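All values derive from a computational prediction rather than experimental measurement.
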Amino acid sequence: MGAIAAGIAMCGAAIGGGIGDGIVISKMLEGMARQPELSGQLRTNMFIGVGLVEAMPIIAFVVSLLVMNK
């Protein structure tokens, strides 16, 4: 049961991370298209946002490992 729960948790985290990355990157590209002079600042903010979005699947991976080994 622990392996199934871990798999479901990782599946949800991977899907959520992919959707979050897609939204962050698409909004950054939209902002760059509207105001090209802010591309450096938008790119920096995008990398911070992607890092925060990717933290969730990493935390879910650790939690699913803990669930499997319980």
* May I have all residue pairs that pass salt bridge (charged side-chain N to carboxylate O under 4.0 Å, His left out) and include part of residues 49-61, sequence neighbours excluded? => none

* Asked: Which ILVMFWY residues are connected to Val63, directly or by a chain of links, through side-chain heavy atoms under 4.5 Å apart?
  ->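 Direct or chained contacts put Val63 with Ile59, Val67.
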
* Can you name the residues that form a side chain to side chain contact (heavy atoms under 4.5 Å, CB included) with Ile58, not counting sequence neighbours? ->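 By the side chain to side chain contact (heavy atoms under 4.5 Å, CB included) rule, Ile58 matches no residue at all.
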
* Could I get the full list of side chain to side chain contact (heavy atoms under 4.5 Å, CB included) partners for Met56, not counting sequence neighbours? => none

* Phe47 side, atom CZ; Leu52 side, atom CG - distance, nearest 0.5 Å -> 13.5 Å

Side-chain donor-acceptor distances from residues 7-14 under 3.5 Å, at least two apart:
none

Sequence neighbours excluded and cut-off under 3.5 Å, please list the side-chain donor-acceptor pairs for residues 26-43, or say none.
residue : atom : partner : partner atom : Å
Ser26   : OG   : Gly22   : O            : 3.1
Ser26   : OG   : Ile23   : O            : 3.0
Ser39   : OG   : Pro36   : O            : 3.3

